[in-house]
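A short write-up of the structure that comes next.
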Amino acid sequence: MKAITIRDIKVFVTAPHGNNLVVVRVETSEPGLYGVGCATFTWRCKAVVTAIEEYLCPMLKGRSVHDIEDIWQSMMGSSYWRNGPVLNNALSGVDEALWDIKGKLAGMPLYSLFGGKCREGIAVYRHADGNSPEAVEEKIHAFMEEGYRYIRCHMGTYGGNFDGSIQKMVHPENAPAGAYYSTRTYMQSVIRLFERIRSNVGWNLEIMHDIHERLSLADTLAFVKELEQFKPFFVEDALPPEQVNYFEYLRKQTTVPLAMGELFTHPIEWRTAVQNQWIDFIRCHLSDIGGLTPARKLAAFCESYQVRTAWHGPNDLSPIGMAAQMHLDLSSPNFGIQEFAGFNEAEEEVFPGCPFTKDGYAYLNDRPGIGVDFDEKAAAKYPPMEMDFSWLFSRLEDGTAVRP
Ligand SMILES: O=C(O)[C@@H](O)[C@H](O)[C@H](O)CO
Ligand SMILES: [Mg+2]
């Protein structure tokens with residue numbers, strides 16, 4: 001096998017869709033051969049850039065591009081203290097780029113290198129929210145007309161934070177700014193919304209909901225049990241990672257399928273929940289767990305417990321990261337569903353080869369590697385932006401901060 005080494009590693013931040021996306025390009029000793037990977041931790045993107053430029057790049061220059069596993073282990077071990085979203089995202093950018101290179105060398109799309117297709121298309125779910133049940137229903141119909149059959153349904157944003165005229169709250173004097181919500185109003189509004197969907201739209205649609213770690217343990221249990229009657233496809237992120245053991249009680253008391261994991265960054269967070277079959281779907285964010293190398297192992301680990309994959313797919317993920325996980329979707333026997341937020345024209349310009357959807361299924365192109373490229377010149381038209389953190393400052397009516 002021809003010796004090919006890492007010549008340089010470059011990092012780019014671009015915001016074609018309202019989020020700072022972090023892209024890594026691993027350049028090799030072979031003229032014209034490079035790989036791209038996703039390292040998007042949108043809320044701390046500068047820290048990820050520093051970790052790659054200042055630490056990973058100097059350490060990896062000259063290493064063989066063939067040795068993905070050992071490079072991953074070296075990156076992980078070299079900081080002694082490890083895991084966490086900043087370092088994992090830095091690892092992911094390099095790791096996915098190395099897989100992209102391996103696919104290009106093999107002349108195969110990654111799904112083929114991973115064992116081949118288990119299905120031709122990737123069933124995706126979309127997200128419908130609005131400030132009134134009518135508005136949500138309208139969005140559901142629009143998605144259904146486009147052929148989507150799985151829709152995550154929300155009143156307002158996370159925590160049911162919607163139009164103040166509906167949700168009346170009394171805050172203490174001098175209460176700080178924040179994304180205030182009332183747990184009771186939130187739960188009631190979703191239950192009413194689900195009732196309406198089942199009576200107006202019917203049962204020929206899979207619906208889901210993301211609790212987004214906004215409820216107390218007891219409220220979570222009561223809420224999930226109320227949702228049972230509407231037979232959701234799953235309820236997502238019912239508990240924060242710190243409370244993962246409470247899934248044992250949820251599991252025992254409800255038939256609602258449970259999906260969990262976009263905030264996971266450490267294998268300990270998922271191991272017990274999967275081994276005990278407390279959850280039905282694993283939905284980690286690939287770059288937050290360190291890229292394709294750990295995600296392949298996680299998917300295989302889940303397979304033996306009949307836990308299916310539902311990888312995290314919001315807008316704060318580059319099309320490179322989306323395609324990377326879609327190669328797993330195609331080649332994992334235990335694929336369940338893929339979250340998909342769609343791409344705008346600017347993203348399609350910056351990332352030639354984006355996955356696309358038709359009749360509710362996503363498809364990848366057949367190019368070798370990840371199959372999505374990065375156009376540096378086009379990216380420069382969409383420079384990094386100041387991020388608005390305000391929706392992350394969740395507060396209860398009395399001003400108490402709530403951590404998602
Ligand atoms: O599952 C989802 O798409 C959401 O939980 C978002 O990813 C989260 O609000 C951060 O972007
Ligand atoms: Mg979520």
Side-chain angles (χ1 to χ4, degrees), residues 15 17-22 38-45 48 85-86 88-89 92 124-130 136 139 143 148 150-162 178-179 181 186 190 206-215 220 223-224 227 232-241 243-244 247 256-265 269-270 273 279-289 308-319 321-322 325-326 329 336-343 347 362 385 387-394 402-404:
H17 199 167
N19 284 298
N20 290 328
L21 305 176
V22 185
C38 182
T40 302
F41 179 8
T42 204
W43 307 107
R44 294 292 185 273
C45 59
V48 176
V86 173
N88 284 356
N89 269 282
S92 165
V124 299
Y125 74 85
R126 301 300 308 249
H127 176 94
D129 63 21
V136 180
K139 283 193 186 162
F143 278 133
Y148 294 105
Y150 299 82
I151 302 180
R152 190 173 65 189
C153 306
H154 278 250
M155 277 299 298
T157 58
Y158 297 108
N161 191 344
F162 54 87
Y181 69 101
Y186 160 50
V190 175
E206 295 289 357
I207 53 178
M208 39 262 266
H209 181 75
D210 188 356
I211 297 181
H212 217 268
E213 304 94 359
R214 288 297 197 283
L215 296 174
T220 303
F223 183 51
V224 168
L227 293 180
F233 183 75
F234 64 51
V235 165
E236 175 175 324
D237 281 34
L239 302 165
Q243 300 301 335
V244 77
F247 273 111
V256 169
L258 300 165
M260 178 63 198
E262 67 183 63
L263 285 179
F264 286 165
T265 56
E269 290 169 319
W270 61 72
I279 59 171
D280 301 278
F281 294 88
I282 188 83
R283 47 179 287 92
C284 294
H285 187 113
L286 248 66
S287 65
D288 275 288
I289 64 168
R308 291 189 281 165
T309 66
W311 306 118
H312 190 220
N315 277 324
D316 47 342
L317 175 74
S318 74
M322 178 58 86
Q325 67 194 4
M326 284 181 167
D329 294 344
I337 188 93
Q338 175 62 59
E339 177 184 8
F340 186 69
F343 302 121
E347 270 174 310
M385 48 189 279
M387 297 291 292
D388 172 15
F389 296 86
S390 61
W391 72 275
L392 291 165
F393 293 117
S394 287
V402 179
R403 197 167 53 182

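When reading the values below, keep in mind they use all heavy atoms of this one structure, side chains included, and skip hydrogens, waters and symmetry mates. Start at 1 and go down the list; that is how both ligands and their atoms are numbered. Position 1 is the first residue of the sequence; numbering continues from there.
Note that R126 lies in the cation-pi zone of Y148, set by a 6.0 Å cut-off to the ring centre and a 45° limit from the axis.
Taken to the nearest 0.5 Å, the CG atom of N88 stands 6.0 Å off from the OG1 atom of T265.
Distances under 2.8 Å from the Mg ion (ligand 2) pick out the protein N/O/S atoms D210 OD2, E236 OE2, E262 OE1.
Closer than 4.0 angstrom to ligand 1 lie heavy atoms from R152, Y158, D210, H212, E236, E262, R283, H312, P314, D316, E339, W391.
Qualifying side-chain contact (heavy atoms from CB on, under 4.5 Å) partners for D316, counting only residues two or more places apart in sequence or in other chains: N19, T42, W43, P314. Applying the salt bridge (charged side-chain N to carboxylate O under 4.0 Å, His left out) test to E213 and every residue at least two apart in sequence or in another chain returns nothing.
Side-chain contact, S287 with N89: a donor N or O sits under 3.5 Å from an acceptor N or O. Side-chain atoms of H17 and E347 form a donor-acceptor pair, as typed in the model, at a separation below 3.5 Å.
Taking the six-membered ring where tryptophan is involved, the planes of W270 and F264 are tilted, since the angle between them lies from 30° to 60°.
The two residues L263 and E269 have their closest heavy-atom pair at O-OE1, 4.4 Å.
Partner Y150 forms a ring-ring contact (aromatic ring centres under 6.0 Å, His included) with one of Y125, F143, F233 and no other, that one being F233.
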